[in-house]
Amino acid sequence: MSTRVYRIEDAGYDESTRRYWTQVAPYSSFRLGDMTDEFVDYSNLNDAACGEMAIPIEDVEEFVQNNLDYDEDVISALKQDIQAAKDAKSDVINYYCA
């Protein structure tokens, strides 16, 4: 699966255009197939695997701890995501899949 997953940094609604907007991190955290199904909830994604999803920080931390020998860039990005969510005092990491 080649869908890239980006951490959502901010989101909102623009009254003047009646559109929702999403600002994502400048890096892709992982490809959808990188994390096992036990961590990823596909229910909010469309048939093309696009959309938004939230993964609990604990699940991402567990994935990182159990896969330290995994792709270095993916592990590094996930660690950045964990820290950003903790800094924001969030229990989940919100992602945009595209």
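- Rounding to the nearest 0.5 Å gives a distance of 10.0 Å between CD1 of Ile93 and CE of Met53.
- Expressed to the nearest 0.5 Å, how far CG of Asp87 lies from CD of Gln83 amounts to 4.5 Å.
- Considering CG of Leu78 and CD1 of Ile57, their distance stands at 12.0 Å, rounded to 0.5 Å.
- Residue Asn66 qualifies as enclosed at atom CG: its count of foreign heavy atoms under 6.0 Å is above 12.
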- [ ] For the pair Phe63 and Ile55, evaluate side chain to side chain contact (heavy atoms under 4.5 Å, CB included) and give the outcome as yes or no after the intermediate values.
- [x] CA-CA 11 Å; Phe63 179 84; Ile55 302 177; over 6 Å; no
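- The hydrophobic cluster containing Val92 does not contain Leu45, counting ILVMFWY residues as joined when their side-chain heavy atoms lie under 4.5 angstrom apart, directly or transitively.
- Taking CD1 from Ile75 and OG from Ser29, the interatomic distance works out to 11.0 Å, rounded to the nearest 0.5 Å.
- Under the 4.5 Å side-chain heavy-atom criterion for Ile, Leu, Val, Met, Phe, Trp and Tyr, Ile8 and Tyr13 are members of distinct hydrophobic clusters.
- Formation of a donor-acceptor pair under 3.5 Å by the Asn46 side chain with backbone atoms of Cys50 is found in this model.
- Using a 4.5 Å heavy-atom threshold, the side chains of Arg4 and Cys97 count as separate.
- For Ala54 against Asn94, the heavy-atom pair with the smallest separation is CB-OD1, 3.3 Å.
- Using a cutoff of 4.0 Å between basic side-chain nitrogens and carboxylate oxygens, Glu61 and Lys79 are not scored as salt-bridged.
- Proximity of Tyr95 to Val24: side-chain heavy atoms (C-beta onward) are nowhere separated by under 4.5 Å.
- Residues Val64 and Val5 share a hydrophobic cluster, clusters being chains of Ile/Leu/Val/Met/Phe/Trp/Tyr side chains in contact below 4.5 Å.
- No more than 12 heavy atoms of other residues, nucleotides or ligands shown are found within 6.0 angstrom of CD on Glu58.
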task = Could you please spell out the steps behind the side chain to side chain contact (heavy atoms under 4.5 Å, CB included) verdict for Val74 and Arg31?
result = CA-CA 9 Å; Val74 170; Arg31 282 192 287 275; over 6 Å; no
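- The distance between the ring centers of Tyr96 and Tyr6 does not fall below 6.0 angstrom.
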Q.
Set out, in order, the CA-CA distance, both residues' side-chain angles and the distance that settles salt bridge (charged side-chain N to carboxylate O under 4.0 Å, His left out) for Arg7 and Asp81, then state yes or no.
A. CA-CA 7 Å; Arg7 180 176 46 84; Asp81 295 348; 3.1 Å; yes
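- Looking at Trp21 and Arg19, their side chains never come closer than 4.5 Å, going by heavy atoms from C-beta outward.
- Cluster partners of Tyr27: none. The rule joins Ile, Leu, Val, Met, Phe, Trp and Tyr whenever side-chain heavy atoms lie under 4.5 Å apart, and it links nothing here.
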